[in-house]
Amino acid sequence: MSLIEQLADIVGFHSSYTGTFGDQVHAKDQAKRALLKAMGFELDDKSLTESIAFLKQSQWLNILPVVHIAKLEEQQHVIRVSLPKMGKLLLNWKVTPEVGSEIASEIASEVIGSINVDDMKIIAGEKIAETQYYQYLLVLPKVEQGYYQLTISFGDVQASCPLLYAPKNCYSAQAASVNKIWGYTAQLYSLRSKNNWGIGDFTDLAKLVETSAQQQASAIGLNPLHPLYQQNPAHRSPYSPSSRCFLNPLYIDVTKVANFEYCELAQLKVKTKTFQKNITDAKASNLIDYSAVAKLKFDITELLFEDFYHYDTSTDKTDCYKKMSVEFDHFKQINGQKLQRFATFDTLYEYFNIADKNAYGWQDWPTNFQDPDSEEVHRFQLAHATRIEYFCFLQWIAHQQLSAVTQYTVDKNMAIGLYLDLAVGCDGSGFDVWSDKELYVAGASIGAPPDGMNSLGQNWGLTPINPVALQKQGYQPLVKALRSSMQYAGALRIDHILGLMRQYWVAPGMAANEGVYINFPWDDILRVIALESRRNHCVVIGEDLGNVPEGFSETIQNAGLLSFKVLFFERWESGLFKRPENFPPQSVITVATHDTATLTGWWQGRDLQWRQQLKLYPNVEAEHADRDARASERENLLAALNDLQVIDMSKAPPLEPALMNTELSIAVQKYLAASPSHIQLIPLEDALEISEQVNIPGTIDQHPNWLQKLPIALEDFSQTSSVIKIVQAMNSARPK
């Protein structure tokens with residue numbers, strides 16, 4: 001085995017993987033070399049030899065592991081301690097609870113103790129150079145679930161590591177609702193209403209909650225609400241965020257900001273003919289004009305911020321501003337440095353983008369500004385303090401408005417309420433990578449190998465996290481991302497959850513089908529997810545579609561996560577659709593996702609037309625095979641629906657030509673409703689029988705990804721014929 005292969009093996013790269021079509025795909029040496037270099041390794045023979053030796057010996061040379069997770073359900077908790085052989089030694093230890101926990105009830109007092117090393121159990125030994133090392137087991141105290149720091153000392157030597165006490169299982173869907181439930185999924189930006197400014201906003205979301213609750217729905221699933229780039233609104237994919245720990249201020253309803261009605265300049269500007277025309281144009285467009293909407297909203301939020309920041313204490317509206325001031329200060333205090341740093345990034349992004357319209361990320365900034373802790377950045381913060389405060393203000397308003405929607409779901413007795421989506425990664429030009437470069441593997445990209453949806457593989461352009469660095473940081477970057485979404489959610493879907501067990505990395509300059517898998521500390525990560533799930537009383541769904549290893553779905557279900565089942569993919573090798581009883585109770589079931597055809601689009605072959613038009617087929621034979629297969633797939637679907645007696649075949653849509661009708665829409669939802677899956681989700685696109693899909697993986701501007709609006713306004717949604725009939729069917733099959 002070569003030095004490159006040895007290092008790649010130790011780091012966790014797979015030498016090969018089994019593709020979707022059963023073929024064995026071997027990792028290219030070129031890809032492994034490029035990825036190891038991106039991780040920071042020097043690749044000359046001397047450096048490789050030293051790196052291999054260091055990694056092999058680290059478990060002996062380091063007194064404590066970089067992080068330790070105690071399994072909460074075990075009767076006794078122990079941790080490995082590595083020490084060189086020496087005389088009699090008294091080992092002192094202490095377990096300190098996390099500082100500044102948001103859940104004070106889980107904070108315990110510091111626990112201390114000491115033990116003679118001779119009384120500790122030896123589990124292994126190793127001689128390195130002339131020194132003999134032994135690994136001992138140190139018994140840990142039993143404490144409440146949560147985050148702690150373990151510190152041990154003897155003489156002048158001290159070592160510490162993050163210590164997590166984590167449960168085995170997530171907060172269960174059955175705890176949220178004893179009965180099987182249903183809800184909708186929506187792309188928030190796509191919502192139309194009489195009052196929004198050309199993009200769905202948090203007020204629209206509240207309206208959707210109100211309507212859905214009246215229909216006895218229990219959940220509203222949403223696209224990721226993470227922030228993108230305010231100065232680059234054309235960067236629109238919600239799965240390519242700047243950060244996974246904040247909110248997209250484009251979803252703010254400007255008219256609901258507390259001082260909107262009191263701000264004279266804002267009122268004057270909004271009422272001008274030009275501004276009103278711009279709103280009308282943005283609303284009339286069938287595709288979202290992100291740039292136009294951004295200008296409309298942020299022109300007004302700037303005025304509202306200035307009005308709030310310099311409000312007149314003598315005004316008769318003082319109470320409103322005082323209340324805003326107290327709440328804003330509280331928000332800044334809770335979010336502390338991370339909010340200040342994020343607002344600094346947005347201010348820097350704006351500053352350098354104004355100077356150079358082609359500066360679309362921190363890599364384009366002067367070198368001294370690429371380090372968030374540099375003296376130049378510190379001076380910039382002092383010089384632009386008010387502008388930084390403005391970006392904090394936007395996050396506060398977004399937080400307020402989304403929190404109000406969350407509370408509204410509680411008031412409406414929705415079992416789940418908001419069902420949010422956590423992106424698998426973040427854009428390399430954004431805040432998360434800029435603020436913690438040691439955590440990320442710059443130049444590499446997360447993607448997916450070739451599969452039935454994209455035979456060329458996918459490069460998502462998302463910068464991967466270094467799993468070694470993630471452990472060194474005690475999994476806190478993951479904790480923060482989970483917690484940031486869970487504070488608003490009754491359920492959280494983790495996009496492409498396989499990426500937390502093994503991740504497909506595409507090396508710089510290489511094709512998407514030449515990627516390499518790398519292992520992540522999966523068992524630990526499941527525990528972290530379970531801990532945050534229970535602390536936040538949030539159901540967790542793992543999106544386990546695509547090329548996943550055998551038994552993976554069962555693994556996440558055993559950890560209390562819900563598996564994600566899509567009708568189009570739930571078929572036997574023969575092509576027949578699986579009967580509903582074959583779906584696991586510990587799952588979410590739906591017809592389609594944002595990355596697949598809608599039911600109407602699938603039935604009518606609209607997705608196949610797009611694949612042909614965009615040249616996504618590797619050859620003509622594959623295109624013809626897809627078209628031929630779809631004809632039999634339609635027949636199989638009708639046969640499955642008829643077998644379960646959920647469709648009136650006299651009203652079934654024709655196979656040739658393949659035309660959609662509401663009988664099929666209702667029948668498919670009844671079919672899924674019969675499954676034991678605990679949650680059933682209906683995309684709004686399917687409820688409204690829309691033919692165009694939200695996103696086509698592997699494309700950017702060739703298809704209107706993340707741009708399409710729903711064809712009707714929210715005010716008319718509940719009166720739409722297909723919606724009325726589907727709701728009746730759902731409440732019969734899955735009564736609240």
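- Judged by the 6.0 Å and 45° rule, Lys32 forms no cation-pi pair with Trp505.
- For the atom pair CD of Gln476 and CG of Leu439, the computed distance is 11.5 Å after rounding to the nearest 0.5 Å.
- Distance alone, capped at 3.5 Å, is enough to place a donor-acceptor pair between the Thr699 side chain and the Ile696 backbone.
- Annotation for Val424 and Arg244: closest pair O-NH1, 3.6 Å, computed over non-hydrogen atoms.
- In terms of the ring-ring contact (aromatic ring centres under 6.0 Å, His included) criterion, residue partners of Trp706 (sequence neighbours excluded) are, by chain and number, Tyr239, His594.
- Arg341 CZ to Asp373 CG: the interatomic distance, rounded to the nearest 0.5 Å, is 4.5 Å.
- Taking the six-membered ring where tryptophan is involved, the planes of Trp434 and Phe431 are tilted, since the angle between them lies from 30° to 60°.
- Annotation for Ala359 and Asn353: closest pair O-ND2, 3.2 Å, computed over non-hydrogen atoms.
- Few gaps surround NZ on Lys332; more than 12 heavy atoms of other groups in view lie less than 6.0 Å from it.
- Aromatic pair Phe380/Tyr351: ring centres closer than 6.0 Å.
- Side-chain contact annotation: Gln381 with Thr344, donor-acceptor N/O pair under 3.5 Å present.
- Inter-residue side-chain proximity for Tyr419 and Val539 is flagged as unmet; no heavy-atom pair is nearer than 4.5 Å.
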- For side chain to side chain contact (heavy atoms under 4.5 Å, CB included), just list the numbers for Leu420 and Leu225, CA-CA rounded to whole Å, side-chain angles, deciding distance to a tenth of an Å, and then say yes or no. CA-CA 8 Å; Leu420 299 188; Leu225 303 181; 4.0 Å; yes
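- What you find for Lys283 and Lys709 is that their closest heavy atoms are O-NZ, 3.3 Å.
- Partner of Phe345 under the ring pair (Phe, Tyr, Trp, His ring centres under 6.0 Å) criterion, out of Phe391, Trp365, Phe369: Trp365 alone.
- Of the charged side-chain nitrogens involved, none lies within less than 4.0 Å of a carboxylate oxygen, so that Asp432 and Lys480 do not count as a salt-bridged pair.
- When only modelled atom types and interatomic distance are considered, Gln693 and Trp602 share no side-chain donor-acceptor pair under 3.5 Å.
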- Query: Gln458 and Trp460: side-chain hydrogen bond (donor to acceptor under 3.5 Å, both in side chains), yes or no, with the steps?
  - Reply: CA-CA 6 Å; Gln458 298 176 53; Trp460 298 333; 2.9 Å; yes
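- Side chains of Asn196 and Asp201: no donor on one and acceptor on the other come within 3.5 Å.
- Between the side chain of Asn459 and the backbone N or O of Val506 there is no donor-acceptor pair closer than 3.5 Å.
- Asn248 and Gln230 are not linked by any side-chain donor-acceptor pair at a separation below 3.5 angstrom, with hydrogens and angles left out of the test.
- Considering all non-hydrogen atoms of both residues, Asn368 and Val377 come closest at O-CG2, 4.1 Å.
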- side chain to side chain contact (heavy atoms under 4.5 Å, CB included) between Phe564 and Thr590: does it pass, once the steps are laid out? CA-CA 8 Å; Phe564 198 77; Thr590 187; 4.0 Å; yes
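- Looking at heavy atoms from C-beta onward, Leu205 lies in side-chain contact with Leu402 at the 4.5 angstrom threshold.
- Using a 4.5 Å heavy-atom cutoff, the side chains of Glu350 and Arg387 are in contact.
- Contact of the Val293 side chain with the Pro233 side chain is not registered, since no non-hydrogen atoms from C-beta on lie closer than 4.5 Å.
- Without hydrogens or angle criteria, His226 side chain to Ala423 main chain gives a donor-acceptor distance under 3.5 Å.
- Using a 4.5 Å cut-off on side-chain heavy atoms (C-beta onward), Leu707 and Arg236 make contact.
- Side-chain contact annotation: Asp421 with Asn223, donor-acceptor N/O pair under 3.5 Å absent.
- Side chain to side chain, Arg606 and Gln609 meet the donor-acceptor criterion of an N or O pair below 3.5 Å.
- Distance alone, capped at 3.5 Å, places no donor-acceptor pair between the Arg502 side chain and the Asn519 backbone.
- Between Tyr229 and Tyr349, the distance from one ring center to the other falls under 6.0 angstrom.
- The backbone N or O of Ile700 sits less than 3.5 Å from a side-chain atom of Gln702, completing a donor-acceptor pair.
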- Task: Check the pair Ile682, Thr185 against side chain to side chain contact (heavy atoms under 4.5 Å, CB included), reporting the backbone distance first and the verdict last.
- Result: CA-CA 6 Å; Ile682 304 172; Thr185 60; over 6 Å; no
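- Counting non-hydrogen atoms of other residues, nucleotides and ligands closer than 6.0 Å to CD of Gln30 gives a total of 12 or fewer.
- Here Leu208 contributes atom CG and Leu684 contributes atom CG; the two are 6.0 Å apart, rounded to the nearest 0.5 Å.
- If you take OG on Ser243 and CG on Asp346, they are separated by 9.5 Å, rounding to the nearest 0.5 Å.
- For the atom pair CG (Asn695) and CD (Gln187), the distance works out to 9.0 Å, reported to the nearest 0.5 Å.
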- Criterion side chain to side chain contact (heavy atoms under 4.5 Å, CB included) on Leu599 and Glu685, from CA distance to verdict: CA-CA 9 Å; Leu599 178 60; Glu685 292 80 10; over 6 Å; no
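- Heavy-atom minimum distance, Val433 versus Trp362: CG1-CZ2, 3.7 Å.
- To the nearest 0.5 Å, atom CD1 of residue Ile529 and atom CG of residue Asp524 are 11.0 Å apart.
- For the pair Tyr251 (side chain) and Thr203 (backbone), a donor-acceptor distance under 3.5 Å is absent.
- In this structure, Gln395 contributes its side chain and Cys392 its backbone to no donor-acceptor pair below 3.5 Å.
- Phe331 has its ring centre less than 6.0 Å from the ring centre of His399.
- Annotation: Tyr290 is not in aromatic contact with His235 [ring centroid separation under 6.0 Å not met].
- Side-chain atoms of Leu304 and Tyr390, non-hydrogen and from C-beta on, never get closer than 4.5 Å to each other.
- Across all non-hydrogen atoms, the minimal contact from Cys538 to Ser533 is O-OG, 2.5 Å.
- A donor atom on one side chain and an acceptor atom on the other are found under 3.5 Å apart for Asp626 and Tyr617.
- Here the side chain of Ser485 pairs no donor or acceptor atom with the backbone of Leu482 at under 3.5 angstrom.
- With respect to Lys472 and Glu438, no salt bridge is recorded, no charged nitrogen being found less than 4.0 Å from a carboxylate O.
- Between the Ser242 side chain and the Gly430 main chain, no donor and acceptor come within less than 3.5 Å of each other.
- For Trp522 and Phe552, the ring centers sit closer than 6.0 Å to each other.
- In this structure, the side chain of Ser445 engages the main chain of Gly461 through a donor-acceptor pair within 3.5 Å.
- Residue Lys437 places its NZ atom among more than 12 non-hydrogen atoms of other residues, nucleotides or ligands, all under 6.0 Å distant.
- With a 4.5 Å cut-off on side-chain heavy atoms, Ile446 and Thr463 do not count as touching.
- Using a 3.5 Å distance cut-off with no hydrogens or angles, the side chains of Asp204 and Ser193 do pair a donor with an acceptor.
- Residues Leu247 and Pro227 have side chains not in contact (no heavy-atom distance under 4.5 Å, counting atoms from C-beta outward).
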